[in-house]
Amino acid sequence: MKYQKLENQEANWKWIYLIRKHREGEKITRYEEKSLEESKVQELIECQNYPEKIEVWIKNHLSLDLPIKLDQAIRARRKRFFNAEKQSTKKKSIDLEYGVWLRLSKYSRKMKMTLSETITYMIDERESKALYESQMTAMKAGLKNLLNK
């Protein structure tokens, strides 16, 4: 396992995930009866600061459709959490207009690269071109000086 599991932290993430799903109108319990579902959700809300109780609630009352989604969400959250600790692995974001993103995306697929690799490649190419142009300018100036003597 690449990322360490932090039981208390992950229980909090699960609680946040489930409450968000409930607020979005998704069914988070395995019960059909509305009043029973609401009482179990209220029970979950009261468990906020008790990681052990959250885990027990999930084990006993979670909808049968949610365990895989919940595990995927927690795994992704864990990865982002640990990657954010180091500057080199922390994800950054930039806003692109749709047209720019579309062109970059097409170019990336053509080059068989990720968007980040494509941007790095384009910057490297531009820097190489600038270096080449400055060398050419220096050579032309040197030739001009030689011819003028």
Side-chain angles (χ1 to χ4, degrees), residues 1-30 37 40-41 43-149:
M1 176 175 61
K2 185 173 179 182
Y3 303 105
Q4 178 183 2
K5 285 187 176 182
L6 306 171
E7 306 301 332
N8 292 346
Q9 182 72 52
E10 291 191 17
N12 184 48
W13 292 338
K14 289 176 184 178
W15 184 88
I16 291 168
Y17 176 84
L18 291 171
I19 296 301
R20 182 174 51 84
K21 287 292 182 188
H22 174 69
R23 288 187 180 137
E24 290 172 356
E26 248 184 79
K27 188 173 174 317
I28 62 169
T29 67
R30 60 180 66 164
E37 180 181 0
K40 295 303 175 185
V41 169
E43 191 179 303
L44 175 64
I45 290 170
E46 292 167 3
C47 293
Q48 180 178 6
N49 298 317
Y50 304 99
E52 302 85 18
K53 289 183 180 181
I54 294 170
E55 293 297 334
V56 169
W57 188 97
I58 289 170
K59 184 178 168 193
N60 295 330
H61 307 295
L62 187 64
S63 168
L64 300 176
D65 299 336
L66 280 180
I68 293 172
K69 290 180 183 179
L70 180 62
D71 287 345
Q72 289 172 337
I74 297 306
R75 201 168 33 252
R77 186 85 181 250
R78 187 184 312 129
K79 181 178 188 288
R80 285 191 302 271
F81 179 79
F82 283 105
N83 284 346
E85 288 182 337
K86 287 194 273 183
Q87 190 70 20
S88 61
T89 54
K90 186 175 184 179
K91 294 288 183 187
K92 316 301 181 289
S93 64
I94 57 173
D95 291 331
L96 297 174
E97 292 176 7
Y98 177 75
V100 174
W101 171 83
L102 188 61
R103 288 180 66 191
L104 183 62
S105 178
K106 285 179 182 176
Y107 191 66
S108 294
R109 280 193 299 269
K110 179 181 163 189
M111 300 292 287
K112 294 186 170 87
M113 297 176 164
T114 65
L115 293 176
S116 294
E117 291 169 338
T118 304
I119 291 169
T120 303
Y121 172 77
M122 294 169 93
I123 291 169
D124 290 345
E125 287 295 307
R126 182 63 188 119
E127 288 173 346
S128 297
K129 184 178 177 184
L131 179 62
Y132 173 76
E133 286 174 349
S134 67
Q135 288 174 343
M136 289 302 291
T137 303
M139 285 176 58
K140 285 179 184 177
L143 283 172
K144 198 173 194 179
N145 286 341
L146 277 174
L147 293 173
N148 286 340
K149 289 184 180 182

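Small disclaimer: the values here were computed from a predicted structure and weren't measured.
A salt bridge links Lys14 to Glu55: one of the charged nitrogens lies within less than 4.0 Å of a carboxylate oxygen.
Residues Ile54 and Leu18 form no side-chain contact, since every pair of their non-hydrogen atoms from C-beta on lies 4.5 Å or further apart. Contact check for Met111 versus Glu117: no side-chain heavy atoms found under the 4.5 Å cut-off. With a 4.5 Å cut-off on side-chain heavy atoms, His61 and Glu43 count as touching.
A 6.0 Å sphere centred on NZ of Lys21 holds more than 12 heavy atoms belonging to other residues, nucleotides or ligands. Residue Gln135 qualifies as enclosed at atom CD: its count of foreign heavy atoms under 6.0 Å is above 12. Environment of NZ in Lys69: sparse, with no more than 12 heavy atoms of neighbouring residues, nucleotides or ligands closer than 6.0 Å. Counting heavy-atom neighbours within 6.0 Å of Asp95 CG, excluding the residue itself, gives a total of 12 or less.
Rounded to the nearest 0.5 angstrom, Leu146 CG and Met139 CE are separated by 11.0 Å. Atom CZ of Arg30 sits about 11.0 Å away from atom CG of Asp65, to the nearest 0.5 Å. Considering CD of Glu10 and CZ of Arg77, their distance stands at 10.5 Å, rounded to 0.5 Å. Interatomic distance, Leu64 CG to Thr29 OG1, rounded to the nearest 0.5 Å: 10.0 Å. The CD1 atom of Ile28 sits 7.5 Å away from the CG atom of Leu62 when rounded to the nearest 0.5 Å. Note that the CD1 atom of Ile45 and the NE2 atom of His22 stand 5.5 Å from one another [nearest 0.5 Å].
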For salt bridge (Lys or Arg N to Asp or Glu O under 4.0 Å), just list the numbers for Lys40 and Glu37, CA-CA rounded to whole Å, side-chain angles, deciding distance to a tenth of an Å, and then say yes or no. CA-CA 5 Å; Lys40 295 303 175 185; Glu37 180 181 0; over 6 Å; no

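Between Asn8 and Pro51 the shortest heavy-atom distance is OD1-CG, 3.4 Å. Contact record, Tyr17 with Leu66: OH-CD2, 4.4 Å, taken as the closest heavy-atom pair. Residues Leu44 and Trp15 share a closest heavy-atom pair of O-NE1, 2.8 Å.
Glu24 pairs by the side chain to side chain donor-acceptor pair (under 3.5 Å) definition with Arg20, not counting sequence neighbours. Residues meeting the side chain to side chain donor-acceptor pair (under 3.5 Å) test with Ser63, sequence neighbours left out: none.
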For residues 119-131, dump all side-chain donor-acceptor pairs below 3.5 Å to protein atoms at least two apart in sequence or in another chain.
unit_1 : atom_1 : unit_2 : atom_2 : d
Thr120 : OG1    : Ser116 : O      : 2.9
Ser128 : OG     : Asp124 : O      : 3.0

